[in-house]
Undergrad: 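Have a look at this one before I ask anything.
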Amino acid sequence: MPPEARETTERYFRQAVERHWDPYAIDLTADRETLTDLSRSAFTQLRATLAMFGAGEEHVTEDLVPVAAVVDDDSDQRFVASHLYDEAKHAAFFERYWADAVRPAEEARGLEPTAPTADRWFTDAYEDVFDRTETAMRRLLEADTPGNRARAYCHYHLTVEGVFGQTGFHAVESTFDPDTEGPSLPGLVEGFSGIRRDEGRHVGYGMDRLAALLERGAVERPLVEETVMGLAEPVDAVVERMGWRRLPGPDSDDLVAFVAQQRRNRLQQLLDGAAADPEAED
């Protein structure tokens, strides 16, 4: 590994250590009250969004394992270990949020308790995105080639985390932050803020590795573009359903435009030879 790439990875790992946050320490008292007072349709839509985030974190925790199996540089191994820990921490946050905020609100509203893993929350397009990502990641275990690594980074780091996830963060934070006009969910926003900082490192790592493959000619740009654009239809279909219908945050049109811009931004970063910087993600 070139010295500059090792230095970047070591910087990401150090940030993972220094920026640790505790998903069990976030106060959810105010969130329970707000969730109880939301309209029924808004509460249902928010539960679906949270369920998709939680399931997505479970998916990516498992899907990262093939990367951990194939990297051999010690700095890579340390960072990917922290990456796995981050994803498990994110999944724990959503599990706790459902148990300690969503379910008490369901009870207060006189609703039957629901599970975040219930089929009702997931569309075919959502399942398609993560099925394709799982396939791309597991292909690394069959053949660790530059092409397979590029496809893995395109699915996992560039699209699922760098495009899909960032759009979800925008949808929630721009609606439920206490400083916005929408209903206040400070515990959820605090958790999202920690998750978003972690994802900045993850996206930066994957984009850096993808840029290196392109720079040395190990893969060609059309492979990257075709992989990313091949995921656009199911990603956009999920994002469209995340647009708020009865809340003052971004609607479906806003989010579809946002996710398309995120996709263009990521591809432009590669064209410019610049990986995502975690400071920018903050």
Side-chain angles (χ1 to χ4, degrees), residues 21-62 86-127 129-130 160-161 164-199 238-252 255:
W21 58 279
D22 183 355
Y24 300 103
I26 296 174
D27 185 1
L28 302 180
T29 305
D31 292 52
R32 287 192 289 269
E33 296 174 2
T34 299
L35 293 175
T36 301
D37 293 336
L38 282 181
S39 70
R40 186 183 183 98
S41 61
F43 184 54
T44 297
Q45 189 179 11
L46 178 60
R47 283 184 293 170
T49 298
L50 293 174
M52 287 190 288
F53 261 105
E57 296 293 353
E58 292 285 0
H59 277 297
V60 296
T61 303
E62 298 170 1
D86 285 342
E87 301 298 0
K89 180 176 62 180
H90 302 169
F93 170 75
F94 286 108
E95 185 178 273
R96 182 199 168 211
Y97 196 87
W98 200 278
D100 293 353
V102 172
R103 193 156 290 146
E106 289 175 332
E107 294 172 357
R109 300 168 70 104
L111 300 175
E112 288 292 325
T114 60
T117 55
D119 291 341
R120 64 180 288 191
W121 307 124
F122 309 109
T123 64
D124 289 343
Y126 178 90
E127 299 288 358
V129 171
F130 286 98
V160 170
E161 293 196 329
F164 198 9
Q166 293 296 320
T167 303
F169 297 149
H170 170 66
V172 170
E173 291 179 317
S174 62
T175 305
F176 298 105
D177 191 290
D179 293 331
T180 67
E181 297 179 358
S184 177
L185 293 173
L188 182 62
V189 170
E190 182 179 345
F192 267 51
S193 178
I195 293 169
R196 181 164 50 81
R197 286 195 301 271
D198 292 343
E199 302 291 13
V238 178
V239 165
E240 184 176 16
R241 291 174 62 91
M242 291 170 62
W244 306 116
R245 294 184 288 274
R246 291 180 174 83
L247 288 170
D251 62 17
S252 294
L255 289 186

Undergrad: Give a yes-or-no answer on whether the side chains of S193 and R197 include a donor-acceptor pair shorter than 3.5 Å.
TA: yes
Undergrad: Which heavy atom of G187 sits nearest to which heavy atom of L28, and what is that distance?
TA: CA-CD2, 4.0 Å
Undergrad: Under 4.5 Å between any side-chain heavy atoms of I26 and L188, yes or no?
TA: no
Undergrad: Output the distance between atom CG (L111) and atom CD (E107), rounded to the nearest 0.5 Å.
TA: 10.0 Å
Undergrad: Does this structure show an ion pair linking D198 with K89, if we count only N-O contacts that are shorter than 4.0 Å?
TA: yes
Undergrad: Please walk me through it: do V102 and R32 pass side chain to side chain contact (heavy atoms under 4.5 Å, CB included)?
TA: CA-CA 7 Å; V102 172; R32 287 192 289 269; over 6 Å; no
Undergrad: Using modelled atom types and a 3.5 Å cut-off, is there a donor and acceptor pairing between side-chain atoms of R246 and backbone atoms of S41?
TA: no
Undergrad: Is the terminal nitrogen or CZ of R96 (NZ for Lys, CZ for Arg) located under 6.0 angstrom from the six-membered ring centre of Y24 and within 45° of that ring's axis?
TA: no
Undergrad: Looking only at heavy atoms, which two atoms of P104 and A99 are closest? And how far apart?
TA: CD-O, 3.3 Å
Undergrad: So, for P186 and P178, which heavy atoms are closest and what is the spacing to 0.1 Å?
TA: CB-CG, 3.9 Å
Undergrad: Rounded to the nearest 0.5 Å, what separation is found between the CG atom of D179 and the OG atom of S184?
TA: 8.5 Å
Undergrad: What class does the angle between the rings of W21 and H90 fall in, given that below 30° is parallel, 30 to 60° is tilted and above 60° is perpendicular?
TA: parallel
Undergrad: Rounded to the nearest 0.5 Å, how far apart are CD of E190 and CG of D31?
TA: 9.5 Å
Undergrad: Check the pair L35 / L185 against side chain to side chain contact (heavy atoms under 4.5 Å, CB included), numbers first and verdict last.
TA: CA-CA 8 Å; L35 293 175; L185 293 173; 4.1 Å; yes
Undergrad: May I have the step-by-step check of side chain to side chain contact (heavy atoms under 4.5 Å, CB included) for H170 and L255, ending in yes or no?
TA: CA-CA 9 Å; H170 170 66; L255 289 186; 3.8 Å; yes
Undergrad: Check whether any side-chain heavy atom of P183 lies under 4.5 Å from a side-chain heavy atom of F176, and answer yes or no.
TA: yes
Undergrad: Flag the pair T117 / W98 as yes when at least one side-chain heavy-atom distance between them is below 4.5 Å, and no otherwise.
TA: no
Undergrad: Please tell me if the side chains of R109 and R40 come closer than 4.5 Å, counting only heavy atoms from C-beta onward.
TA: yes
Undergrad: Is there a side-chain contact between F43 and T36, using heavy atoms and a 4.5 Å cut-off?
TA: no
Undergrad: Verify whether the ring centers belonging to F164 and F53 lie closer than 6.0 Å.
TA: no
Undergrad: Mind checking what makes side chain to side chain donor-acceptor pair (under 3.5 Å) contact with T49, not counting sequence neighbours?
TA: none
Undergrad: Picking from E95, R103, M52, what satisfies side-chain contact (heavy atoms from CB on, under 4.5 Å) with P116?
TA: R103
Undergrad: Got more than 12 heavy atoms from elsewhere within 6.0 Å of CG, D119?
TA: no
Undergrad: Would you mind checking if R47 and E106 are paired as a salt bridge, meaning a charged N to carboxylate O distance below 4.0 Å?
TA: yes
Undergrad: Is the shortest heavy-atom distance from the side chain of L46 to the side chain of W244 under 4.5 Å?
TA: yes
Undergrad: Looking only at non-hydrogen atoms, find the nearest pair between P250 and A171 and report the distance.
TA: CG-CA, 3.9 Å
Undergrad: Calculate, to the nearest 0.5 Å, the distance between atoms CD and CD belonging to E199 and E161 respectively.
TA: 4.0 Å
Undergrad: Rounded to the nearest 0.5 Å, what separates atom CZ in R245 from atom OG1 in T44?
TA: 9.0 Å
Undergrad: Under 6.0 Å between ring centres: does that hold for F94 and F192?
TA: yes
Undergrad: Count the heavy atoms of every other residue, nucleotide or ligand shown that sit under 6.0 Å from CZ of R241, and state whether that count exceeds 12.
TA: no
Undergrad: Could you check T180 against T175 for side chain to side chain contact (heavy atoms under 4.5 Å, CB included), going step by step and ending with a plain yes or no?
TA: CA-CA 6 Å; T180 67; T175 305; 5.7 Å; no
Undergrad: Please examine the side chains of V60 and F130, heavy atoms only from C-beta on, and report whether any two atoms are closer than 4.5 Å.
TA: yes
Undergrad: Any non-hydrogen side-chain atom of V238 less than 4.5 Å from a side-chain atom of F122?
TA: no
Undergrad: To the nearest 0.5 angstrom, please state how far the CD atom of Q45 sits from the CG atom of L50.
TA: 11.0 Å
Undergrad: Give a yes or no on this: more than 12 heavy atoms of other residues, nucleotides or ligands lie within 6.0 Å of atom CD of E240.
TA: no
